[in-house]
Amino acid sequence: MSTVPGSAAAPDIDLPQLEKSLRHPRTLFSACMSVLTGLMALAAMIPLISVLLMLIVRGGERLSIALFTELPPAAGMDGGGIGNAVLGTLQIVAIATLISVPLGILAAVYLAEFGPESRTAATVRFVAKVLTGLPSILAGVFAYTAVVVLTGTFSAPAGGLALALLMLPTVLLTSEEALRMVPLRMREAALGMGATRTQLVWQVLLPTARPGILTGVMLAVARAAGETAPLLFTALFSDYWLTRNPMEPTPSLAVLIYEFSSSPFPNQVEIAWAASLVLVAIVLVANILGQVLARRQVHK
Amino acid sequence: MTEPESIARPPTRGEMLRDRWFRGLTFGLAWLVILTVVLVVWQIATAARPAIENYGLDPITTTQWDGKTHFGFLAQIWGTLYSSILGVALGGLFGVAVAIFLTQDFIPPRAELVLKNVVELLAAIPSVVYGLWGIFVVIPAIRPACNWLHTHLGWFPLFNTRLVGPGLLPAALVLAIMVLPTVTAISRDSLAAVPSRLREAAFGLGATRWETILAVILPTAARGVWGSIILAFGRALGETMALAMLVGNTPVMEWSVFSPADTLAALLANKFPEASRTEVGVLMYAALVLLGITLLVNMAGAWIVSKTSVSLTGGVK
């Protein structure tokens with residue numbers, strides 16, 4: 001940089017000024033900010049590492065067959081497991097999926113295919129966005145007034161309805177997105193051969209969009225499995241195995257973790273950590289399945 | 001030689017009928033989605049009405065709750081807003097920093113991908129697990145530092161109580177972690193969408209990397225960044241479990257970030273399962289207030305986003 005052609009023609013430019021040096025306040029400021037942001041980005045990774053480490057160390061201690069075959073320990077008792085809570089979570093999430101997935105996908109078919117520009121579609125999209133911002137505990141309050149008060153008992157369907165409300169916007173919006181991704185030439189080919197729009201939906205759109213729709217379903221399931229607040233006063237909890245009758249309080253992993261987290265008994269706290277490990281494993285598996293399916297989606 | 005039979009043919013009458021029936025079904029289900037949301041608001045509002053008629057504005061202007069005649073939840077409203085503001089301030093700061101770090105060529109693309117996935121994983125952890133982690137990791141970890149601050153800077157209103165266990169700060173820290181992925185994901189998208197000619201022009205004028213980021217990139221992406229922060233605020237207001245487990249569930253109104261507090265969502269979570277009939281009515285009132293606040297914030301967010309977009313991008317897309 002010491003000899004630059006033409007430097008003599010512009011003598012008032014201070015050439016060394018063009019070099020990057022930390023002695024200049026401007027470059028010093030820039031370098032400091034870079035270091036600071038880098039540190040903040042590193043700091044943002046600490047919580048995840050800490051959570052996963054704690055789950056493996058404290059939850060892993062209790063990982064055994066007994067954890068899945070025994071009932072939660074009573075206060076002050078040793079041993080025990082989370083068998084009923086695992087089954088309860090599966091039951092409640094299955095009910096929620098049965099309600100939200102058909103409703104979400106068929107409503108998405110209307111949004112993507114039958115009336116994409118209609119006022120109904122615009123309203124559905126708007127309320128779906130409102131639902132996304134609905135605090136999860138209010139879904140529980142709704143299920144309480146709609147099911148628990150009417151049937152007079154805390155039950156798995158009440159919890160399932162609350163979770164379905166939280167799954168619905170995810171299923172609906174991702175399904176619409178996936179249906180819209182189906183290449184136009186495939187639609188035109190089907191319609192050109194004389195298929196009705198219904199045949200188009202069932203034989204072309206839904207099969208083609210299936211990976212994308214399943215991604216949305218898996219993400220919604222992952223979210224629902226970890227939700228606690230909507231279950232607190234809908235499914236409640238139970239220390240016993242599930243019976244044939246779904247209309248009674250149903251245990252779940254999430255509520256078990258909440259109940260045992262504040263327990264003064266070390267054994268119950270250990271069970272809470274083990275349950276957290278199992279819950280996070282379920283949620284992560286559902287998430288990863290969703291990601292894998294997303295890669296198989298056909299693009300326009 | 002016969003021509004191969006074509007599968008193309010006009011639809012039969014039955015198929016046409018089935019088509020009309022199916023279209024009607026999907027239309028009906030689309031309306032069912034709308035009705036469900038209307039029903040949610042209507043149910044909560046009607047359940048809250050008796051309590052509103054009975055107690056008027058008392059619950060939202062007083063703090064005493066004795067379970068019989070006094071049902072004040074002003075302290076919970078305060079705690080909801082204060083904890084969310086603290087959490088979003090922290091989470092927003094870190095979230096935007098991570099978003100900048102991810103988009104401004106600080107690290108190789110492969111490292112960017114790893115960091116992006118780590119941040120997205122944060123969103124997958126259930127809030128009750130964060131609550132458990134907060135109780136057993138965050139509170140013991142920050143307690144010595146907090147109490148040192150209280151002893152040495154106790155005159156400062158934010159530090160004028162001791163951290164005995166659960167409190168606003170641990171709750172806000174965990175909230176910050178929970179909203180960070182939201183802030184980062186949306187901010188990242190809008191920062192990445194800034195046209196590179198703007199950055200090149202700034203560099204060409206001799207701006208340093210951070211002068212470019214602060215004076216050109218961030219203002220251009222302001223719409224998405226603010227949008228992400230408001231969205232995160234809406235999420236923080238309704239978050240229940242992490243707060244019910246970490247905030248201390250004590251209805252007091254203090255400026256100190258080490259003081260325990262309570263929030264509307266935590267109040268519902270704690271009181272609802274064993275509430276008496278009168279209490280359920282008032283809890284519905286609290287639920288309606290929470291619904292109102294979250295709706296208001298989400299709409300205010302949409303309004304701010306629409307205001308900032310045009311003025312700051314100057315029409316450049």
Side-chain angles (χ1 to χ4, degrees), chain A residues 26-27 29-30 33-34 37-38 40-41 43-45 47-48 50-51 54 103 106-107 109-111 114 120-121 123-124 127-128 130-131 133 135-138 141-142 145-146 165 168 172 193-194 196-199 222 226 228-229 232-233 236 254 257-258 261 272-273 276 279-280 283-284 287, chain B residues 7-11 15-16 18-19 22-23 25-27 29-34 37 40 43-44 47 94 97-98 100-101 106 115 118-119 121-122 124-129 131-133 135 137 177 180 208-211 234 237-238 240-241 245 265 268-269 272-273 284 287 290-291 294 298:
Chain A
R26 287 173 58 200
T27 35
F29 170 77
S30 192
M33 285 296 282
S34 296
T37 325
M40 283 171 86
M45 296 175 79
L48 183 77
S50 169
V51 168
M54 286 297 285
L103 177 60
L106 289 179
V109 165
Y110 180 81
L111 259 58
F114 293 141
T120 306
T123 318
V124 173
V127 298
V130 170
L131 259 189
S136 62
I137 191 144
L138 294 183
V141 172
F142 167 70
T145 57
L165 209 57
L168 186 61
L172 180 75
M193 287 195 302
T196 62
R197 298 281 282 275
T198 303
Q199 287 168 327
T228 316
L232 285 174
F233 38 85
L236 208 69
I257 298 168
Y258 175 58
S261 68
W273 278 105
S276 299
L279 183 60
V280 168
V283 170
L284 288 187
N287 259 311
Chain B
I7 54 166
R9 58 169 174 78
E15 282 167 347
M16 298 281 264
R18 228 172 297 152
D19 183 46
F22 181 69
R23 285 186 196 210
L25 176 76
T26 58
F27 181 73
L29 289 178
W31 268 101
L32 187 62
V33 173
I34 300 172
V37 177
V40 169
Q43 278 270 16
I44 294 177
F94 276 81
V98 173
I100 290 174
F101 201 67
F106 281 102
L115 183 58
V118 166
V119 172
L121 260 184
L122 277 178
I125 309 271
S127 62
V128 71
V129 175
L132 187 71
W133 176 72
I135 293 175
V137 178
I177 295 164
L180 187 121
T208 63
R209 192 206 284 263
W210 272 93
E211 283 165 351
L237 287 171
T240 311
M241 296 324 294
M245 293 164 88
L268 289 169
F272 221 112
M284 289 296 178
L290 178 61
L291 184 67
T294 42
N298 285 337

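Just so it is clear, the values below take in all heavy atoms, side chains as well, and ignore hydrogens, waters and symmetry mates. Proteins come first, then strands; the chains are lettered A, B, ... in the order of their sequence lines, and each starts at number 1.
- Contact of F106(B) with chain A is made through the side chain alone, with heavy-atom distances under 4.5 Å.
- Rounding to the nearest 0.5 Å places CD1 of I257(A) at 4.5 Å from CG of L279(A).
- One side chain, T145(A) or Q43(B), offers a donor N or O that lies under 3.5 Å from an acceptor on the other.
- Of the two parts of T208(B), the backbone and the side chain both hold a non-hydrogen atom closer than 4.5 Å to a non-hydrogen atom of chain A.
- Within the 4.5 angstrom heavy-atom criterion, only backbone atoms of R18(B) (N, CA, C, O) approach chain A.
- Of the atoms belonging to V128(B), heavy atoms from both backbone and side chain fall under 4.5 Å from chain A.
- Qualifying ring-ring contact (aromatic ring centres under 6.0 Å, His included) partners for Y110(A), counting only residues two or more places apart in sequence or in other chains: F27(B).
- Heavy-atom distances place the side chain of L25(B), and not its backbone, under 4.5 Å from chain A.
- With a 4.5 Å cut-off on non-hydrogen atoms, A265(B) touches chain A through its backbone and its side chain both.
- In this structure, the portion of F114(A) lying under 4.5 Å from any heavy atom of chain B is its side chain and not its backbone.
- Only the side chain of I177(B) comes within less than 4.5 Å of a heavy atom of chain A; its backbone N, CA, C and O stay farther away.
- Both the backbone and the side chain of I34(B) come within contact range of chain A, judged by heavy atoms closer than 4.5 Å.
- For S127(B), the side chain to side chain donor-acceptor pair (under 3.5 Å) criterion is met by E239(B), not counting sequence neighbours.
- In this structure, the portion of V37(B) lying under 4.5 Å from any heavy atom of chain A is its side chain and not its backbone.
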